[in-house]
Amino acid sequence: MTDVLITAVELADLLKTEPCVVIDTRNPDAYAAGHLPNAVNVHEIFTFLATSTPEGMAELKTKFADAFGAAGLSGKETAVIYEQSMNSGFGQSCRGYYLLTMLGYPKVKVLHGGFDAWSAAGFPVTTDVPTPAKASFAIVPEAGEILIDAKTMLGAVGKPGVAILDVRDVDEWIGDSSSPYGKDFCPRKGRIPGAVWLEWYRMMKPTAEGPRFKSKDEILAECATVGISTTTPVYLYCFKGARASNTFLALKNAGVKDVRMYFGSWNEWSRDPSLPIEQGLPIASEVTTKAA
């Protein structure tokens, strides 16, 4: 597959040769202080909390089809999504990539390194706010298969062959905190039973220019530590589908074929007492070692 990630230099070239719609996912204050030329601010990409009822999932799709259409995406343009840097916005640019992919948009790129990479390369920044021409945004229904609901996630609990992958921060994984918004933001702490854990930061590594995604082979090596290969069906979750979007991009880019996301994630799961959770410290399964 072609690489979803685009460097600042590659983007500067692309903007000269192809029709693009650039979408800034940061908060309105950061956007107002300076953004890429012609970038449209769609902060709801990050803030919107989804529920996985049929009504909630339909609302998610129509809401963002409308938002992306209003930003000027018709299907002909390459959508380019960015945040401040790859680790400062909880994966929010990748959440934009996931939403566009889930809606079936054909051409999506994520600016690798975000706004920081663009400005560090000396490319122009503006405070001018564009007025995009509204476009008709078409939803491709079958693309929505990468969006799973709580019922589908529950069906995967205890099912051999499907990897339930939790990518939240360590305090959430061990049940010390319920969310990034405060320890007791949600009524229950813990994790989905049977989940394996790769903290989302592990998809990236520090560089002199700031955090960047690891290479495809490095990401597959991380996956192998929890038994995930390119052919393993992976059901991702985090708190609200942002950090998991960062991992979604990493896994898809690395060639993992079947990656889906439970977008309601812990924010929804923890609030339904009928859904099972594991609490306390995860207990590793006993490993029997034989003397060499």
Side-chain angles (χ1 to χ4, degrees), residues 23 25 40-71 73-75 79 81 90-106 108 134-157 159 162 164-168 172 178-181 185-193 195 233-249 258-277:
I23 295 174
T25 61
V40 183
N41 189 216
V42 189
H43 187 48
E44 284 175 321
I45 284 170
F46 178 59
T47 57
F48 187 78
L49 291 175
T51 54
S52 61
T53 59
E55 301 78 19
M57 290 168 91
E59 182 196 359
L60 176 72
K61 291 178 181 179
T62 53
K63 179 183 183 61
F64 283 103
D66 290 348
F68 290 132
L73 287 171
S74 70
I81 318 274
F90 290 104
Q92 68 192 58
S93 59
C94 304
R95 200 182 200 234
Y97 161 70
Y98 174 80
L99 288 166
L100 282 161
T101 305
M102 182 269 294
L103 293 168
Y105 198 77
V108 189
K134 189 168 166 45
S136 175
F137 186 102
I139 296 174
V140 181
E142 54 271 24
E145 289 174 359
I146 63 169
L147 176 69
I148 61 172
D149 59 11
K151 185 180 173 186
T152 305
M153 187 58 114
L154 182 61
V157 171
K159 189 175 177 182
V162 175
I164 298 173
L165 180 56
D166 184 322
V167 304
R168 295 173 301 162
E172 294 162 82
S178 73
S179 86
Y181 300 99
F185 184 84
C186 290
R188 299 192 293 171
K189 303 181 184 86
R191 60 202 161 269
I192 296 177
V234 179
Y235 289 4
L236 286 170
Y237 79 96
C238 59
F239 176 72
K240 65 172 185 183
R243 290 169 291 179
S245 294
N246 180 287
T247 307
F248 177 85
L249 186 156
D258 184 4
V259 188
R260 306 175 194 221
M261 197 195 310
Y262 169 41
F263 208 68
S265 280
W266 193 252
N267 181 58
E268 179 179 66
W269 190 275
S270 65
R271 296 178 195 283
D272 183 345
S274 73
L275 293 170
I277 62 170

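All residue numbers in this chain count up from 1 along the given sequence. Since the structure is predicted, the reported quantities are computational estimates derived from the model, not experimental observations. The figures here come from the full heavy-atom set of this structure, side chains too, leaving out hydrogens, waters and symmetry mates.
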TODO: Measure the spacing between OG1 of Thr25 and CD of Glu44 and express it to the nearest 0.5 Å.
DONE: 12.5 Å
Open item on the list: Quick check on the 6.0 Å ring-centre criterion: do Tyr105 and Phe137 meet it?
Closed with: yes
Open item on the list: If the test is salt bridge (charged side-chain N to carboxylate O under 4.0 Å, His left out), which one of Arg243, Arg191, Arg188 qualifies with Glu172?
Closed with: Arg243
Task: Leu99 and Leu60, any side-chain heavy atoms less than 4.5 Å apart - done: yes
TODO: Would you name the heavy atoms of Leu249 and Cys94 that are closest together and state the gap between them?
DONE: CD1-SG, 4.0 Å
Task: Candidate pair Asp166 and Trp266, rule side chain to side chain contact (heavy atoms under 4.5 Å, CB included), full reasoning - done: CA-CA 10 Å; Asp166 184 322; Trp266 193 252; over 6 Å; no
Open item on the list: Contact between Ser270 and Pro187 at the side-chain level, heavy atoms closer than 4.5 Å - yes or no?
Closed with: yes
- [ ] Determine yes or no for a side-chain-to-main-chain donor-acceptor pair under 3.5 angstrom, with Arg95 supplying the side chain and Ser245 the backbone.
- [x] no
Open item on the list: For Phe46, is there any backbone N or O sitting under 3.5 Å from a side-chain donor or acceptor partner on Gln92?
Closed with: no
TODO: Starting at NE2 of His43, measure out to CZ of Phe48 and round the result to the nearest 0.5 Å.
DONE: 14.0 Å
Open item on the list: Test of understanding: with side-chain contact (heavy atoms from CB on, under 4.5 Å), list the residues that count as partners of Lys61, not counting sequence neighbours.
Closed with: Met102, Leu103, Ile139, Leu147
Task: Side chain to side chain, Ile148 and Tyr237, heavy atoms closer than 4.5 Å - done: no
- [ ] Sequence neighbours left out, what passes salt bridge (Lys or Arg N to Asp or Glu O under 4.0 Å) with Glu59? Give chain and number order.
- [x] none
Open item on the list: Has Ser52 got a side-chain atom pairing as donor or acceptor with Asp149's backbone, closer than 3.5 angstrom?
Closed with: no
- [ ] Working to the nearest 0.5 Å, report the span between CG of Leu165 and SG of Cys238.
- [x] 10.5 Å
- [ ] Kindly say whether Pro276 contributes a backbone atom to a donor-acceptor pair with the side chain of Trp269 at under 3.5 angstrom?
- [x] yes
TODO: Report yes if some heavy atom in the side chain of Ile23 is under 4.5 Å from a heavy atom in the side chain of Leu73; otherwise report no.
DONE: yes
Task: Test item: Tyr262 and Tyr235 side chains (from C-beta on) under 4.5 Å apart, heavy atoms - done: no
TODO: Might you point out which heavy atoms bring Ile81 and Ser93 nearest each other, and give the distance in Å?
DONE: CG2-O, 3.4 Å
Open item on the list: Before you tell me yes or no, could you show the steps for Ser265 and Lys240 under side chain to side chain contact (heavy atoms under 4.5 Å, CB included), namely the whole-Å CA-CA distance, both residues' side-chain angles and the distance that decides it to 0.1 Å?
Closed with: CA-CA 5 Å; Ser265 280; Lys240 65 172 185 183; 5.5 Å; no
TODO: Looking only at non-hydrogen atoms, find the nearest pair between Glu268 and Ala150 and report the distance.
DONE: OE1-CB, 3.9 Å
TODO: Supply the atom-to-atom distance Arg271 CZ to Thr51 OG1, rounded to the nearest 0.5 angstrom.
DONE: 11.5 Å
TODO: Answer yes or no: does atom NZ of Lys134 have more than 12 heavy-atom neighbours from other residues, nucleotides or ligands under 6.0 Å?
DONE: yes
Task: Non-hydrogen atoms of Ala67 and Val42 that approach each other most closely - done: CB-CG1, 4.3 Å
Open item on the list: Any non-hydrogen side-chain atom of Ile146 less than 4.5 Å from a side-chain atom of Phe263?
Closed with: no
- [ ] For Ser178 and Phe185, indicate whether the former's side chain and the latter's backbone hold a donor-acceptor pair under 3.5 Å.
- [x] yes
Open item on the list: Just so I know, are the side chains of Val234 and Thr247 near enough to count as touching, which here means a heavy-atom distance under 4.5 Å?
Closed with: no
- [ ] Please check if the side chain of Tyr98 supplies one atom and the backbone of Gly241 the other of a donor-acceptor pair under 3.5 Å.
- [x] no
Open item on the list: Please tell me whether Ser274 and Asp272 have a donor and an acceptor in their side chains that are separated by less than 3.5 angstrom.
Closed with: yes
